[in-house]
Amino acid sequence: MLQFDKVSMRYPEVGDVLKNISFQLHPGEMSFLTGHSGAGKSSLFKLIAVMERCTRGEIVFAGQNLNKISDRQIPYIRRSMGLIFQDYKLLQDRTVFDNVALPLVIAGYRHGEISRRVRAALDKVGLLGKEKKYPMTLSGGEQQRVGIARAVVNKPPMILADEPTGNLDPELSKEIMHLFEQFQQVGVTVLIASHDISLISKMNYRVLTLDHGQLVAS
Amino acid sequence: MLQFDKVSMRYPEVGDVLKNISFQLHPGEMSFLTGHSGAGKSSLFKLIAVMERCTRGEIVFAGQNLNKISDRQIPYIRRSMGLIFQDYKLLQDRTVFDNVALPLVIAGYRHGEISRRVRAALDKVGLLGKEKKYPMTLSGGEQQRVGIARAVVNKPPMILADEPTGNLDPELSKEIMHLFEQFQQVGVTVLIASHDISLISKMNYRVLTLDHGQLVAS
Amino acid sequence: MRKRPRHQQKQEGRQTRISGGGFIDRLKAYRDLHAHALFSSLGRLISSRFASVMTIVVLAIGISLASGFYILVKNLQQLAGNLESSNQISLFLKDDVSDINAKKFSENLKKNPDVQEVKFISKEQALKEFETYSGFGSAVKALEKNPLPIVVQVIPKNSFDDEAVTQNLFEHFKLVPEVDLAQMDMQWVKRLQSIVEVARRGVQLLSGLLGIGVLFITANTIRLELHNRREEVVIAKLVGATNGFIQRPFLYSGFWLGFFSGVAAWFIVTFTALVLKQPIEKLSGLYDGSFHVVFLDFFETFAMLSISALLGMVGSWIVVHFQLRQLKPE
Amino acid sequence: MRKRPRHQQKQEGRQTRISGGGFIDRLKAYRDLHAHALFSSLGRLISSRFASVMTIVVLAIGISLASGFYILVKNLQQLAGNLESSNQISLFLKDDVSDINAKKFSENLKKNPDVQEVKFISKEQALKEFETYSGFGSAVKALEKNPLPIVVQVIPKNSFDDEAVTQNLFEHFKLVPEVDLAQMDMQWVKRLQSIVEVARRGVQLLSGLLGIGVLFITANTIRLELHNRREEVVIAKLVGATNGFIQRPFLYSGFWLGFFSGVAAWFIVTFTALVLKQPIEKLSGLYDGSFHVVFLDFFETFAMLSISALLGMVGSWIVVHFQLRQLKPE
Ligand SMILES: Nc1ncnc2c1ncn2[C@@H]1O[C@H](COP(=O)(O)OP(=O)(O)OP(=O)(O)O)[C@@H](O)[C@H]1O
Ligand SMILES: Nc1ncnc2c1ncn2[C@@H]1O[C@H](COP(=O)(O)OP(=O)(O)OP(=O)(O)O)[C@@H](O)[C@H]1O
Ligand SMILES: [Mg+2]
Ligand SMILES: [Mg+2]
């Protein structure tokens with residue numbers, strides 16, 4: 001599903017933030033990505049979502065070489081990924097419903113279908129009943145869960161979650177992780193960046209560890 | 001330093017989010033605030049920072065009744081609190097230095113003094129050398145630490161930290177908590193909202209627990 | 001070898017685009033998207049009422065100035081049309097031509113295909129006119145005998161080449177035996193040309209300035225709105241929106257802004273014209289009263305609204321097109 | 001009982017404001033804050049060059065239209081000044097007054113305090129003038145004897161109440177024995193009044209429109225900028241900024257925007273006037289050549305720049321003042 005081959009990435013001002021990274025995720029595999037603050041986890045996610053391009057190496061996603069796709073193709077690539085961002089990235093002037101519905105509206109789903117799917121996704125993250133509220137009037141953890149609902153609403157073949165439980169209490173964190181496990185069980189590839197080592201260690205999945213941009217354990 | 005007396009708070013659309021809260025923080029005391037996602041932790045902080053007003057009860061901060069102060073006095077109240085926000089609230093188009101310097105500029109410090117203090121604060125959170133970068137080019141954890149540096153730069157008599165370690169690795173979280181302890185030791189009152197129960201339980205401080213807007217343990 | 005994987009990518013891209021259902025369903029969904037963008041952009045304008053009204057007023061001022069100038073030119077042209085009658089030839093007949101012969105002569109002139117109008121002025125009429133217009137009126141009354149000749153004023157036909165026709169006629173009249181003296185009112189023609197020249201240049205310059213102004217204001221407003229909504233644009237891009245999807249609501253916003261500004265401008269222009277109508281016609285009454293203020297007719301009103309809406313869309317397209325390329329998620 | 005704690009709060013509030021150092025230090029810090037806001041707002045404008053240039057062009061168009069109208073009025077007034085000489089009285093002397101007596105009479109008139117200018121026109125001059133201006137020139141040549149009287153044209157002194165003075169003089173001249181007939185050129189006066197009336201109304205309306213326009217555009221630009229920077233405003237409020245601190249950079253932004261727009265408008269106006277100067281003066285040459293296009297003088301240029309800068313500040317103040325109250329951290 002996803003393959004990194006000797007990938008390096010450089011920000012002009014700070015130098016290489018990812019160095020010579022190689023790994024492979026099989027379809028339906030679930031894995032964690034850890035590392036200290038500033039290790040390069042979010043940068044790796046940006047490469048996969050083509051928000052940045054790598055300076056060396058090759059990234060292949062679903063059979064497509066991400067180095068070689070054109071700007072016009074990027075939207076269609078992104079539609080097959082569910083992205084959960086560290087800073088949520090919600091639209092502040094749209095309701096929870098509209099936020100979660102956005103990927104479906106963009107993909108051109110009909111109204112009834114959108115409504116059904118959004119409700120199902122919100123139910124999964126425990127926010128049913130908050131559809132009409134605006135992100136500003138939600139607690140930090142609730143906003144984070146809206147972001148999760150948006151990522152899973154169009155059932156993408158791959159989910160990339162950047163620190164999805166940073167603002168959730170331990171109980172809820174466990175539930176969300178369980179949600180990801182459910183997706184994995186129906187064949188979705190899941191990659192989760194997280195600091196919550198106690199939680200990760202309790203779950204028995206592969207852990208990729210970054211240290212100053214290098215993959216030190218896999 | 002801070003006293004809540006039967007405080008309730010209501011959002012028109014959702015009803016009471018804080019119910020009949022009473023507690024007291026003595027000057028130089030450090031305590032934690034926990035509770036499930038949506039319990040009302042951030043709302044309680046908003047009351048202290050006069051971002052919202054309570055519907056019933058009284059809040060006294062540093063001898064001033066926060067219910068009775070006028071809009072013109074609010075800025076001066078806020079200058080005596082170091083606020084750390086769950087969503088960082090950094091200025092995206094200003095450098096790290098300018099972000100951290102903001103409270104000092106507002107309070108009218110001279111240039112040399114500002115520079116000295118900002119450097120000291122950034123050093124404490126391990127970001128010395130990143131002064132010239134913009135928040136957008138920092139990792140999530142680095143941004144969170146910029147927010148912490150800004151809160152402590154003008155040495156306020158009270159620090160209010162909302163989820164200050166949500167995006168930090170366990171190592172760094174411990175260091176930041178240690179930083180708060182140092183402040184407490186020189187007489188600063190510290191209140192920290194956190195989900196990180198394993199970290200909280202290791203440190204031996206008072207824990208206030210909220211459950212659906214009610215204080216259930218203290 | 002390299003071409004192949006690219007092709008496959010494209011197909012896959014298209015497949016993800018097709019979200020269940022057949023061609024008809026996709027078409028319906030597409031229509032839904034457009035209708036949604038059209039009305040949601042209107043709703044957005046209404047919900048931020050204060051902001052929209054300010055923008056519309058600013059645009060309306062620009063548009064109403066531009067169409068005000070258009071009306072000015074239109075009225076000037078009408079005026080110039082009136083003044084063209086000054087492009088005439090006066091024939092002073094010989095003293096020995098009798099009144100009856102003079103009348104006959106002028107009747108004959110009317111048959112000339114180049115002549116549009118002929119005005120016969122008897123000696124008595126000439127004296128009266130002279131009294132009225134010359135400023136020496138009372139002095140004339142002291143005259144013992146009417147010294148003025150019979151005058152026949154000839155207005156040449158309007159044609160594509162006015163000056164040449166007038167000149168030809170003039171040369172012809174010089175040789176007519178009854179005519180003592182033919183005189184062309186050339187000074188009037190020259191003055192008219194100068195006035196028209198000045199008006200033309202001034203209006204050109206100002207219209208250019210205002211056209212640029214309206215485009216700039218629309219573009220600037222949309223640019224600022226885009227800047228305001230860059231978060232939204234970035235997020236939409238991140239969840240897979242194409243540039244087309246993102247552009248649409250901005251283009252419709254531009255359309256609505258332009259359209260409503262056009263409507264507001266119509267009111268401003270009409271109001272201004274109504275206020276100015278009375279003194280202008282009073283003034284014109286002092287001359288010969290043939291001048292009436294003209295407004296925008298139905299077709300021109302329609303054109304104004306269309307052009308405003310179009311300018312709004314073009315302005316927003318320019319900005320969206322150039323800025324969208326720059327707005328990358330990072 | 002209630003008043004007391006309030007008082008204490010206020011004092012404490014003030015104390016937190018004083019951040020170390022004495023009065024002089026605070027004054028210096030305050031000056032620093034202002035200088036910082038002034039130059040940082042300039043730096044911000046320069047760093048967002050494209051946006052600033054667009055805003056400035058939009059404002060400059062408004063300002064240049066307004067000052068263009070000002071120049072128009074100024075030139076119209078100059079023109080009206082020329083035409084005022086039409087507000088004259090023509091005295092037709094009796095046939096039996098000899099040339100020498102007539103000259104003497106006109107010399108005497110000059111001593112009248114209400115009279116500004118006296119023009120003596122002999123019979124021969126009158127005939128010549130008549131030939132040139134009446135349109136019956138050639139007909140006059142056919143006259144055996146000059147039928148025209150001596151004419152003395154009197155221009156009354158300019159005064160606050162022109163019409164009354166003219167009327168008085170007119171009544172006086174009627175009774176003078178040498179004068180056969182006194183005639184006031186009233187039609188010209190009426191026409192002039194009508195023209196001035198129309199111009200005045202039009203210019204008033206348009207200037208009002210444009211003044212509102214400039215204010216609106218500035219206010220709108222600042223509003224959008226404020227909207228763009230509401231995050232910044234909210235954050236500054238959260239770390240203890242007073243409304244004054246937050247307002248300052250916006251006011252200075254408004255100042256710079258207005259000032260630079262004024263400069264740009266000066267160039268636009270000067271360029272336009274230079275382009276129009278030639279055809280207008282050519283036109284004026286056809287009359288009597290006494291009309292010259294006037295531009296903005298030094299004082300007016302200064303006033304224009306000051307007013308633009310002021311409008312910029314006022315516009316931003318209005319918006320900042322009203323919107324800042326609404327922008328609460330939540
Ligand atoms: N756009 C950028 N321009 C320049 N440097 C950047 C940019 N984004 C990130 N960096 C730098 O790259 C390094 C890695 O950042 P990244 O966001 O990948 O870390 P992370 O592993 O996600 O950390 P955290 O756990 O704190 O979120 C950091 O030192 C950061 O300062
Ligand atoms: N501005 C608002 N308007 C209406 N409701 C609000 C507003 N802010 C918060 N709420 C609601 O109040 C409740 C408490 O929110 P609060 O942010 O205090 O929770 P929290 O304890 O900080 O949660 P978390 O740990 O997820 O940040 C939530 O249910 C939230 O939806
Ligand atoms: Mg990160
Ligand atoms: Mg919270």
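Hydrogens, waters and symmetry mates play no part in the numbers below; they use all other heavy atoms, side chains included. Every chain is numbered from 1 and lettered A, B, ... according to where its sequence line falls, protein lines coming before strand lines.
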Heavy-atom proximity to chain C below 4.5 Å, by part of A:Leu90 | backbone
Measuring heavy-atom distances to chain C, does A:Asp93 have an atom under 4.5 Å in its side chain, in its backbone, in both, or in neither?
-> side chain
Residue from A:Ala49, A:Pro156, A:Pro75 scoring the most non-hydrogen pairs under 4.5 Å with chain C is A:Pro75
Between A:Tyr88 and A:Asn167, do the side chains contain an N or O donor and an N or O acceptor separated by less than 3.5 Å?
-> yes
So A:His212 and A:His36, would you call those rings parallel, tilted or perpendicular, with 30° and 60° as cut-offs?
-> tilted
Per-residue contact mode, A:Arg150 against chain C (heavy atom under 4.5 angstrom) = side chain
So, A:Arg94 and C:Glu232, do they make that salt bridge, N to O below 4.0 Å?
-> yes
Report the C-alpha distance between A:Asp16 and A:Ser8 in whole Å, list the side-chain angles of each, state the deciding distance to 0.1 Å, and finish with yes or no for side-chain hydrogen bond (donor to acceptor under 3.5 Å, both in side chains).
-> CA-CA 7 Å; A:Asp16 284 0; A:Ser8 292; 4.8 Å; no
Most heavy-atom pairs under 4.5 angstrom with chain C, which of A:Ile74, A:Val105, A:Asn154?
-> A:Val105
Take the angle between the ring planes of C:Trp256 and C:Phe260 and call it parallel below 30°, perpendicular above 60°, tilted in between.
-> parallel
Proximal component of A:Leu83, with respect to chain C [non-hydrogen, under 4.5 Å] | side chain
